[in-house]
Q: 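A single structure is presented below for examination.
So that the names make sense, note that chain A is the first sequence line, chain B the second, and so on, each numbered from 1.
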2 protein chains.
Amino acid sequence: MTPGYPEGMTTEVPPSAPPDTAPDAVPEEDWLHLEHQICFSLHAASRAFNGVYRVLLKELGLTYPQYLVMLVLWEHGRTPVKRLGEHLRLDSGTLSPLLKRLEAAGLVRRERSTRDERSVEVLPTGQGVALRERAALVPRRIMAATGFTLEEIVDLRSRLDRLTGALDAAALEEAPDCG
Amino acid sequence: MTPGYPEGMTTEVPPSAPPDTAPDAVPEEDWLHLEHQICFSLHAASRAFNGVYRVLLKELGLTYPQYLVMLVLWEHGRTPVKRLGEHLRLDSGTLSPLLKRLEAAGLVRRERSTRDERSVEVLPTGQGVALRERAALVPRRIMAATGFTLEEIVDLRSRLDRLTGALDAAALEEAPDCG
DNA sequence: CGCAATTCAGTTGTGCACAACTTAATGACG
DNA sequence: CGTCATTAAGTTGTGCACAACTGAATTGCG
């Protein structure tokens, strides 16, 4: 292991070290290496999670994002697409076709609001509500699959939420100028 | 907040409580609720991370998965598609078109192995190697965006790796029978 | 009222993830 | 040697994520 760099690959990063963002004395060369591992980990964890859900949700006929939508609908009932997007951090470009598929599957209905005709409200059908009972087994099986205790899960969740908040804020600052 | 359930939504989950997997005395009804928050968190964190990378990598002309591929190539040089897939947990269905785009961008070349004509080896072009210098700034900016210390990041990484390992193992057991 | 700006859902186009399949090369075995 | 299982890469089809855009409804303001 630790294969080292192939010839011609060591790219002498200029030694400019902005001291405000560097939390430690990590050589510049090692950053890509470390980074390497970290972003792999997050990416891989997300996909592994998705994979386990895929297996469990297959018998419910749901994909993972569809399951997330149903969770919101089971909890809140009739919900405008806009609010679904806020809960799930998804825009209409993702939700519109997804909801169309859920509607085609007979799990939700979409009704244009009478008060504001721009808005479309989504509500679970009887079949959609009934699915909740079968879905109730999923969380426990997911928990078992992680091998984590409840405390560990909750702790991980709070870290991830903090991460998400920081990243969202950074993305906003990064966007137009601000630099 | 805490909107409560809309009428007709409370679905009396049967009180069967398998004691082997329940780490705590959490009411069955609350599982979906808790689950709700947890899977949202992971999903959202992954997408938030992706969003920040998207912004930073835009000026390099890379997507996040393409960046992951380049990280492997920068570290290991010439690598067969098969091994890339092992590093990144991706199959040829994902990698083939991705590598085709990287090749079209002039960042990598693909060469069929002479020793085993089934295998295709990927290697960075001069342009691809040169890109590494500009990419060296990315990890630091990502770190800054997270607001996490190096220790926190490393700790989070180990948790996520443990999670991924457990989930992968569970997915294998879940698959055919094993029940 | 009349018109511009905003809001909301939907569409289009690109790219990733993955299951299922195809094709070609390799290796094992009789 | 010939046959068959295995392996590697690629292709096809479905679905998600997101940017950019369209179009209709609403709101704000003069």
Side-chain angles (χ1 to χ4, degrees), chain A residues 39 42-55 57-58 61-69 79-86 88-105 108 110-122 168 171 175-176, chain B residues 39 42-55 57-58 61-69 79-86 88-105 108 110-122 168 171 175-176:
Chain A
C39 57
L42 197 80
H43 203 64
S46 173
R47 298 208 326 280
F49 228 92
N50 210 310
V52 173
Y53 271 105
R54 191 192 320 278
V55 173
L57 295 176
K58 191 170 191 175
L62 291 176
T63 66
Y64 182 48
Q66 288 168 7
Y67 173 68
L68 297 181
V69 168
T79 307
V81 172
K82 164 78 169 169
R83 196 175 310 277
L84 273 177
E86 291 167 356
L88 304 172
R89 282 171 191 278
L90 293 172
D91 65 4
S92 66
T94 300
L95 284 174
S96 287
L98 188 156
L99 292 171
K100 202 179 282 186
R101 283 184 284 270
L102 282 180
E103 189 169 41
V108 307
R110 285 187 295 171
E111 295 179 356
R112 199 154 286 272
S113 168
T114 53
R115 288 196 4 202
D116 184 346
E117 297 239 336
R118 291 171 304 180
S119 175
V120 168
E121 296 172 340
V122 186
D168 280 353
Chain B
C39 56
L42 196 80
H43 203 64
S46 173
R47 298 211 324 282
F49 227 93
N50 210 310
V52 172
Y53 271 106
R54 190 191 320 278
V55 173
L57 295 176
K58 190 171 191 174
L62 292 176
T63 66
Y64 182 48
Q66 286 167 8
Y67 173 68
L68 297 182
V69 167
T79 307
V81 173
K82 164 80 168 167
R83 196 177 310 277
L84 273 178
E86 290 166 356
L88 304 172
R89 283 171 191 279
L90 293 172
D91 65 3
S92 65
T94 300
L95 284 174
S96 287
L98 188 157
L99 292 171
K100 202 179 284 185
R101 281 186 285 269
L102 281 181
E103 189 169 41
V108 308
R110 286 186 295 172
E111 295 180 354
R112 196 154 290 268
S113 169
T114 52
R115 290 200 0 208
D116 182 347
E117 297 238 337
R118 293 170 303 177
S119 175
V120 168
E121 295 172 341
V122 185
D168 280 353

Q: Want to settle it: does B:Asn50 or B:Lys82 sit nearer the 5' end of DNA chain D, counting the closest nucleotide to each?
A: B:Lys82
Q: Under 6.0 Å between the ring centres of A:His43 and B:Tyr64?
A: yes
Q: Return the nearest nucleotide to the side chain of A:Arg118; candidates are D:dA8, C:dT7, D:dA17.
A: C:dT7
Q: Can you see if the side chain of A:Ser119 gets near the phosphate of C:dA9 - specifically, an N or O under 4.0 Å from OP1 or OP2?
A: yes
Q: Nearest-Å distance, CG (B:Asp116) to P (C:dA24)?
A: 16 Å
Q: Stepwise, does the side-chain contact (heavy atoms from CB on, under 4.5 Å) test hold for A:Leu84 with A:Leu90?
A: CA-CA 8 Å; A:Leu84 273 177; A:Leu90 293 172; over 6 Å; no
Q: Distance check needed: C:dA17 P versus B:Gln66 CD, whole Å only.
A: 10 Å
Q: Starting at CD of A:Glu103 and ending at P of C:dA9, how long is that distance when rounded to a whole Å?
A: 14 Å
Q: Any N/O pairs under 3.5 Å between the protein and nucleotides 10-14 of chain D? List them or say none.
A:
from	atom 1	to	atom 2	distance (Å)
D:dG10	OP1	B:Arg110	NH1	2.9
D:dG10	OP2	B:Ser96	OG	2.9
D:dG10	N7	B:Ser92	OG	2.5
D:dT11	OP2	B:Lys100	NZ	3.1

Q: In whole angstrom, what separates A:Phe49's CZ from C:dC18's P?
A: 15 Å
Q: Ignoring hydrogens and angles, tell me if any N or O in the side chain of A:Ser92 forms a donor-acceptor pair with the backbone of A:Leu95 under 3.5 Å.
A: no
Q: Whether the A:Ser46 and B:Ser46 side chains hold a donor-acceptor pair (N or O, under 3.5 Å, no angle test) is what I'd like checked.
A: yes
Q: Using whole Å, report how far CG of B:Leu62 lies from P of C:dG15.
A: 12 Å
Q: Rounding to an integer number of Å, can you tell me how far A:Arg54 CZ sits from C:dA20 C1'?
A: 13 Å
Q: Side chain of B:Lys58 only, heavy atoms from C-beta on: which candidate in D:dA20, D:dA17, C:dC8 is closest?
A: D:dA20
Q: Please determine whether side-chain contact (heavy atoms from CB on, under 4.5 Å) holds for the pair A:Leu102 and A:Val108, giving the CA-CA distance in whole Å, both sets of side-chain angles, and the decisive distance to 0.1 Å.
A: CA-CA 6 Å; A:Leu102 282 180; A:Val108 307; 3.8 Å; yes
Q: Is a side-chain N or O of B:Arg54 found less than 3.5 angstrom from the main chain of B:Leu62, in a donor-acceptor match?
A: no
Q: Provide, to the nearest angstrom, the distance between the CG atom belonging to A:Leu84 and the C1' atom belonging to C:dG10.
A: 15 Å
Q: Just how far, in rounded Å, is P of C:dG10 from CG of A:Leu90?
A: 14 Å
Q: Of the nucleotides D:dT7, C:dT7, D:dC18, which has the atom closest to the A:Asp91 side chain?
A: D:dC18
Q: Toward the 5' end of DNA chain C, which comes first, A:Pro80 or A:His43, by nearest nucleotide?
A: A:Pro80
Q: Please tell me which of A:Arg115 and A:Leu98 maps to the more 5' nucleotide of DNA chain D, matching each residue to the nucleotide holding its nearest heavy atom.
A: A:Leu98
Q: Taking 4.0 angstrom as the limit, do B:Arg112 and B:Glu117 come out as a salt bridge?
A: no
